[in-house]
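Lettering follows sequence order; numbering is per chain, from 1. Only this structure's heavy atoms are used, side chains among them; waters, hydrogens and symmetry mates stay out.
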Amino acid sequence: MAHLRESTDKALKLLRTLPRVQIGNLRPNPNSKQNDKRGRAQHGGDKHGAGNKGSGQRQNFMRLGYETGNQPFYLRFPYEPYYKGHHMRREYPPISMLQLQVLIDTNRIDISQPIDIATLCNSGLMTLKPAELQYGFQLTDEGLDNFKAKINIEVQHASEAVIAAVERNGGVIRTAYYDPRSLHILSNPKKWFEKGVPIPLRMLPPQDAVEYYTDARNRGYLANPEEISKERLVLAQKYGYELPRIEDDPNYEMLTAAKDPRQLFHGLEPGWLINLVDKTIVKLKTT
Amino acid sequence: MNKITCAFISVLQHSNKSYGSATLLGRQLSYKSDLSLDKIYPNARLQLYTPPPPPPGSGDKFNGYIPMDKLEISYSRSSGPGGQHVNTSNTKVDVRFKLSEAHWIPEKTREKLLKALSNKLNKEGYYFIKSDLTRSQQMNLADALEKLRSLIRAQELDEPTEPSEETVEKLRRRQEKAARERLQLKRSRSQTKRDRQA
């Protein structure tokens with residue numbers, strides 16, 4: 001970026017000293033114009049660069065790519081799109097219910113607070129690599145029979161059985177999307193806060209993911225909360241458990257705490273600047 | 001908002017063990033962006049609640065709702081291969097209920113069920129469904145309930161009605177045509193044989 005600035009400055013300096021652009025000052029790029037005239041006399045004449053006899057002099061060339069009969073290289077291989085769109089394939093590294101239960105039992109995760117990517121990465125046992133197209137965590141169904149914890153968890157993908165397992169214990173599960181920049185921030189929040197950049201807005205999901213995150217059955221963060229409440233009952237009936245009355249839970253506020261679709265951290269708004277050294281928050285002045 | 005209200009709200013926010021939200025006069029004071037849920041769904045109930053069970057369906061149709069406290073569910077070990085996992089985990093599910101006292105099934109359907117399952121009830125009048133389809137207890141319970149629901153719904157299907165007049169007429173014409181052709185073939189064979197005689 002610095003070198004671009006320098007070359008721009010140099011070009012502008014040159015422009016100030018050079019003469020005005022006129023027809024007589026212009027010249028095409030070297031080797032862009034070919035001479036259409038047929039060569040004459042000693043050096044351009046006689047065979048005119050076409051050699052002796054054969055298909056060359058007779059201007060009867062084989063088509064480009066032809067390999068004198070055998071199957072040419074450009075026709076040998078059928079369509080093999082192994083890597084087509086590979087740069088757009090999102091990965092969700094898995095966390096099993098068993099792992100989650102172990103983390104909770106060994107006090108590596110505090111369940112009195114909502115759990116999200118930042119919590120899981122701060123525990124030190126999970127790493128997320130957004131640069132390798134990892135878009136967050138998914139909760140897998142290994143060990144869901146023995147899962148016994150009441151949590152408020154936010155992951156990026158969860159199957160129906162997993163959602164049922166979390167809700168039967170009185171917990172709340174949500175699926176939310178984070179764009180790569182937000183993931184980078186959340187995977188190591190302390191390191192990012194040390195940069196001194198204001199918290200950015202979280203972006204909306206890409207088109208192919210919008211349907212997933214607006215569906216109440218997946219407990220999407222953009223879905224209608226009323227539909228989610230109804231789907232909780234549907235799932236309870238499907239999987240055969242009595243839906244615990246979450247309104248009567250003393251931790252109701254914590255369990256239903258959800259981030260705004262544009263928010264990255266609980267309790268912190270986009271646009272705020274966190275100063276870790278002086279332990280202050282710098283906010284935009286609102287008139 | 002004047003400075004006093006601002007200060008009051010900020011004190012309130014800090015005093016709460018807030019997860020980014022506080023309530024004042026019933027209103028949420030958390031961060032609300034241009035895409036917050038109350039803007040996308042303006043008329044929806046934003047707080048999670050437990051909806052009441054649906055009312056028993058119109059007329060005699062089973063609405064699919066089964067009250068879990070009316071069923072007796074027990075777990076046991078499954079059969080089949082699987083080593084330590086199958087030997088030590090209770091993945092088989094047994095769902096029992098007394099059919100005559102199951103008021104969550106509509107009356108008519110219940111009577112039909114009593115007739116259809118009369119040979120399958122045990123001495124106390126309990127009907128049971130077992131499932132050890134999957135490795136997971138939760139999924140097996142879902143399977144057992146699915147079996148129960150499809151059993152109840154099967155009783156509510158309409159009986160097969162008599163064929164319509166048009167169908168009856170069509171079948172009669174087909175039979176007549178078949179008879180005609182058979183007789184024609186028989187006659188021609190008979191004629192061939194007669195022509196061979198002296």
Side-chain angles (χ1 to χ4, degrees), chain A residues 112-114 141-147 152 160-161 164-165 168 172 201-202 204 214 221-248 252-263 265-272 286, chain B residues 1 6 10 13-14 16-23 28 30-54 63-69 71 73 75 89-91 93 95 131 134-146 148-149:
Chain A
S112 65
Q113 302 287 324
D141 55 4
E142 182 178 354
L144 60 71
D145 281 343
N146 301 320
F147 188 76
N152 174 2
E160 200 186 54
R168 94 189 304 148
V172 169
L201 282 168
R202 197 203 317 180
L204 284 178
T214 47
Y221 73 126
L222 295 173
N224 193 339
E226 215 171 326
E227 305 253 312
I228 291 182
S229 300
K230 290 183 190 153
E231 286 294 330
R232 278 167 58 91
L233 182 63
V234 167
L235 214 61
Q237 276 293 293
K238 179 171 178 179
Y239 283 89
Y241 55 90
E242 192 86 48
L243 187 62
R245 283 193 66 87
I246 198 168
E247 307 95 88
D248 302 340
Y252 179 59
E253 222 194 270
M254 188 284 283
L255 289 172
T256 51
K259 291 185 210 169
D260 186 271
R262 290 291 213 178
Q263 203 178 4
F265 297 101
H266 279 290
L268 300 177
E269 285 182 29
W272 286 2
T286 45
Chain B
M1 276 209 281
C6 271
S10 70
Q13 276 184 328
H14 288 305
N16 256 353
K17 261 202 321 250
S18 69
Y19 308 97
S21 76
T23 12
Q28 288 284 92
S30 50
Y31 169 61
K32 292 263 181 280
S33 71
D34 55 327
L35 290 170
S36 62
L37 284 177
D38 57 348
K39 294 197 182 73
I40 308 175
Y41 304 107
N43 300 321
R45 247 175 99 162
L46 293 173
Q47 298 288 354
L48 266 187
Y49 67 101
T50 316
N63 67 355
Y65 180 76
I66 303 177
M68 285 300 136
D69 44 357
L71 299 176
I73 305 171
Y75 306 107
S89 52
N90 288 347
T91 43
V93 162
V95 170
S131 171
T134 69
R135 288 165 59 95
S136 158
Q137 194 187 75
Q138 187 177 279
M139 302 303 278
N140 284 345
L141 183 51
D143 179 51
L145 290 173
E146 182 58 40
L148 179 55
R149 285 195 177 101

Heavy atoms of L145(B) and K238(A) approach each other most closely as CD1-O, 3.8 Å
Taking every heavy atom of E247(A) against every heavy atom of L48(B), the minimum-distance pair comes out as CG-O, 4.2 Å
Tell me, side chain or backbone of [X] under 4.5 Å from chain A's heavy atoms, or both, or neither?
| X | result |
| --- | --- |
| D38(B) | neither |
| Y49(B) | both |
| D69(B) | both |

D145(A) and S89(B), any side-chain heavy atoms less than 4.5 Å apart:
no
Heavy-atom pair count under 4.5 Å with chain A, highest-scoring of V93(B), L71(B), L46(B)
L46(B)
Find the one option among A142(B), A44(B), S33(B) whose heavy-atom pairs under 4.5 Å with chain A are most numerous.
S33(B)
Options Y241(A), F265(A), Y252(A), ranked by heavy-atom pairs under 4.5 Å with chain B, top entry
Y252(A)
Are any side-chain N or O atoms of [X] and backbone N or O atoms of [Y], one a donor and one an acceptor, separated by less than 3.5 Å?
| X | Y | answer |
| --- | --- | --- |
| D260(A) | L35(B) | no |
| Q138(B) | Y239(A) | no |
| Y31(B) | H266(A) | no |

Starting at [atom1] of [X], measure out to [atom2] of [Y] and round the result to the nearest 0.5 Å.
| X | Y | atom1 | atom2 | value |
| --- | --- | --- | --- | --- |
| Q263(A) | S36(B) | CD | OG | 10.5 Å |
| Q47(B) | I246(A) | CD | CD1 | 10.0 Å |
| S136(B) | E142(A) | OG | CD | 11.5 Å |

Of the backbone (N, CA, C, O) and the side chain (C-beta and beyond), which part of L204(A) lies under 4.5 Å from a heavy atom of chain B, both, or neither?
side chain
Which atom pairs, donor and acceptor, lie under 3.5 Å between side-chain atoms of residues 230-237 of chain A and protein residues at least two apart or in another chain?
unit_1, atom_1, unit_2, atom_2, d
Q237(A), OE1, I66(B), N, 2.7
Q237(A), OE1, R149(B), NH2, 3.0
Q237(A), NE2, I66(B), O, 2.9

Could you tell me which residues satisfy salt bridge (Lys or Arg N to Asp or Glu O under 4.0 Å) with R45(B), sequence neighbours excluded, listed by chain and number?
none
